[in-house]
Amino acid sequence: MKIATWNVNSLHARKERVIAFLEREKPDVLCIQELKCSDEKFPDTLFQDMGYHAAWHGQKAYNGVATLSRFPISFVEKGPEEFDPTFGSRVLITEIEDLRIINIYAINGQEVGSEAFQKKKAWFEQLKDYLLRCEASHTPTVLCGDFNVAPEELDVYDGMDRVKRLLVSPEERTWFRSITELGFTDGFRWLHPEEKSFSWWDYRELSFQKNRGLRIDFVLVSPPLQESLQTARMDREERKGEKPSDHVPVVVELDFHPQA
DNA sequence: ATGGCTACACCTTGTAGA
């Protein structure tokens, strides 16, 4: 199975790129974040015509997550009960046979110590509560999306201005670890323990050209899937050319076949 | 010290992103 996660920063603005990505990579599953699109405007027929089943949890202007799958989706849950609905459309659960896909878009947090930062903390606690309830560690589960945390120094460009501590603060890294400590393996890091490779670059200050990026997008897998990890990479090409998202897809291949 | 890009909305100015 080839599984990709991509924060597209507006599905409408990125439509052509998403189509081209699906045609080029042919992932079995694509988890999309930051749709910035209401449920009514989600282009489900477009994806149907391309051979993808889709589930989506949209919201006007902000947030929004969608999961596309070449396999039929047998279960859909939007923003499980653990999550405060005022935090926006940020979590979408789908099941493909015995495989559970948890597609997430973490709260950004705006500034360390701010009110939004406290919401980010609460959101991670809610995620942990949900993962415990659904016993994610004991079943084949993929937890992927935009975590808005760069968990290790290897995930941060050299010389980052640490006055701006958001995404790299010790607090946020603790929240990230509280999730991985449930038994999840970071697919990219597991396969590439020394590689400094990023999934996001700021639009400003020629950050991509200078490779001043962060790794904040992840495909995490539960223990039953860890040994099935085959390949993982950042689709860096997606940050080039006209109108890119500020994030690139993370693409992971698993030696796993969903079974009823 | 600030703003720097991009996208969206209550759309020429504010908000949020990361």
Side-chain angles (χ1 to χ4, degrees), chain A residues 5-18 31-43 56-66 84-91 103-124 127 144-176 196-218 234 236 238-250:
Chain A
T5 183
W6 189 11
N7 178 324
V8 298
N9 184 19
S10 167
L11 181 56
H12 176 68
R14 226 63 62 201
K15 199 181 220 173
E16 295 307 315
R17 277 187 179 258
V18 172
C31 291
I32 305 173
Q33 300 86 37
E34 277 212 88
L35 302 175
K36 294 186 171 179
C37 156
S38 61
D39 280 338
E40 312 84 71
K41 292 187 176 172
F42 183 82
W56 60 97
H57 184 24
Q59 179 183 339
K60 190 179 180 183
Y62 300 108
N63 311 314
V65 284
D84 181 341
T86 68
F87 289 171
S89 301
R90 296 177 176 276
V91 183
N103 177 4
I104 64 115
Y105 171 47
I107 288 176
N108 167 278
Q110 288 183 356
E111 191 180 338
V112 174
S114 67
E115 194 176 326
F117 192 73
Q118 290 311 309
K119 287 182 179 176
K120 185 174 189 174
K121 178 184 185 182
W123 185 89
F124 271 100
L127 176 61
C144 66
D146 176 358
F147 286 70
N148 269 321
V149 179
E152 308 283 347
E153 287 310 289
L154 198 52
D155 304 316
V156 180
Y157 67 91
D158 297 331
M160 181 185 178
D161 176 5
R162 293 314 173 91
V163 174
K164 304 168 185 171
R165 287 152 51 221
L166 191 74
L167 312 178
V168 300
S169 72
E171 296 98 316
E172 289 161 280
R173 288 175 166 176
T174 301
W175 307 339
F176 184 89
K196 187 163 264 204
S197 200
F198 307 130
S199 67
W200 170 86
W201 297 259
D202 199 306
Y203 281 123
R204 300 166 292 188
E205 295 185 306
L206 301 172
S207 296
F208 181 65
Q209 288 84 341
K210 296 172 182 170
N211 198 28
R212 292 181 180 169
L214 301 174
R215 193 172 72 98
I216 57 178
D217 299 87
F218 304 90
M234 309 294 171
R236 209 169 176 283
E238 269 302 337
R239 192 62 173 77
K240 301 178 181 176
E242 291 296 309
K243 278 179 58 116
S245 169
D246 43 357
H247 298 251
V248 296
V250 184

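Note on naming: letters A, B, ... go to the chains in the order of the sequence lines (proteins, then strands), and numbering restarts at 1 for each one.
- Checking side-chain atoms of A/Asn103 against main-chain N and O of A/Ala66 turns up a donor-acceptor pair under 3.5 Å.
- Across the interface with DNA chain B, nearest-nucleotide mapping of A/Ser10 and A/Asp161 shows A/Asp161 to be the residue nearer the 5′ end.
- Of the C1' atoms belonging to B/dT12 and B/dT2, the separation is 22 Å, rounded to the nearest Å.
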- Item | Intermediate values then yes/no, side chain to side chain contact (heavy atoms under 4.5 Å, CB included), A/Arg215 and A/Met234 | CA-CA 9 Å; A/Arg215 193 172 72 98; A/Met234 309 294 171; 3.3 Å; yes
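- Note on A/His247: a side-chain N or O is less than 4.0 Å away from OP1 or OP2 of B/dA18.
- Residue A/Tyr157 places none of its side-chain N or O atoms closer than 4.0 Å to OP1 or OP2 of B/dA18.
- Here A/Arg90 lies in heavy-atom contact (under 4.0 Å) with sugar-phosphate atoms only.
- When rounded to the nearest whole Å, the span between OH of A/Tyr203 and P of B/dA16 equals 18 Å.
- Atom C1' of B/dA18 sits at a distance of 12 Å from the matching atom of B/dT6, rounded to the whole Å.
- Within the 4.0 angstrom heavy-atom criterion, no nucleotide atom of any strand lies near A/Phe147.
- The residue A/Arg212 sits apart from the nucleic acid: no heavy atom pair falls under 4.0 Å.
- Using a 4.0 Å heavy-atom distance criterion, A/Leu206 is classed as making no nucleic acid contact.
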- Item | side chain to side chain contact (heavy atoms under 4.5 Å, CB included) between A/Val156 and A/Arg162, worked out | CA-CA 11 Å; A/Val156 180; A/Arg162 293 314 173 91; 3.4 Å; yes
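- You'll find the ring centres of A/Phe87 and A/Trp123 outside the 6.0 Å limit.
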Might you list the N or O atoms of the protein lying below 3.5 Å from N or O atoms in nucleotides 9-11 of chain B, with each pair's distance?
none

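- Here the separation of B/dC10 from B/dA16, taken at their C1' atoms, is 15 Å to the nearest Å.
- Rounded to an integer number of Å, the gap from CD of A/Glu205 to P of B/dT6 is 13 Å.
- In this structure, A/Asn108 and A/Leu35 both approach DNA chain B, and ranking their closest nucleotides by distance from the 5' end singles out A/Leu35.
- None of A/Tyr105, A/Phe176, A/Trp200 except one satisfies the ring-ring contact (aromatic ring centres under 6.0 Å, His included) rule with A/Phe147; the exception is A/Phe176.
- Contact check, A/Arg14 against B/dA7: a side-chain N or O comes under 4.0 Å of OP1 or OP2.
- Nucleotide B/dT2 holds its P atom 14 Å from the CZ atom of A/Arg204, rounded to whole Å.
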- Message: Could you go through A/Lys120 and A/Asn108, starting from their C-alpha distance and side-chain angles, then the distance that decides it, and tell me whether this counts as side-chain hydrogen bond (donor to acceptor under 3.5 Å, both in side chains)?
- Response: CA-CA 7 Å; A/Lys120 185 174 189 174; A/Asn108 167 278; over 6 Å; no
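- Note on A/Lys243: every side-chain N or O is 4.0 Å or more away from OP1 and OP2 of B/dC5.
- Rounded to whole angstrom, the span from the CZ atom of A/Phe117 across to the C1' atom of B/dA18 amounts to 13 Å.
- A/Arg162 has its CZ atom 18 Å from the P atom of B/dA18, to the nearest Å.
- Summarising the geometry, the separation between CH2 on A/Trp123 and P on B/dA18 is reported as 12 Å, rounded to the nearest angstrom.
- By the 4.0 Å N-to-carboxylate-O rule, A/Arg173 lies close enough to A/Glu153 to be salt-bridged with it.
- Contact check, A/Gln110 against B/dA18: no side-chain N or O comes under 4.0 Å of OP1 or OP2.
- To the nearest angstrom, P of B/dA7 lies 9 Å from CG of A/Asp246.
- In this structure, the nucleotide among B/dC5, B/dA18, B/dT15 sitting nearest to the side chain of A/Trp200 is B/dA18.
- One can place CD of A/Glu242 at 16 Å from P of B/dC5, the figure rounded to the nearest angstrom.
- Taking atom C1' in both B/dA1 and B/dT13, one finds a spacing of 23 Å when rounded to whole Å.
- Among the atoms of the strands shown, only primed sugar atoms or phosphate atoms (P, OP1, OP2) are found under 4.0 Å from some heavy atom of A/Asn7.
- Under a 3.5 Å cut-off, the side chain of A/Gln59 and the backbone N or O of A/Ser89 do form a donor-acceptor pair.
- Backbone-only contact: A/Asn148 has heavy atoms under 4.0 Å from sugar-phosphate atoms and none from a base.
- With A/Phe208 as the fixed residue, the ring-ring contact (aromatic ring centres under 6.0 Å, His included) test singles out one of A/Tyr157, A/Trp201, A/Phe198: A/Trp201.
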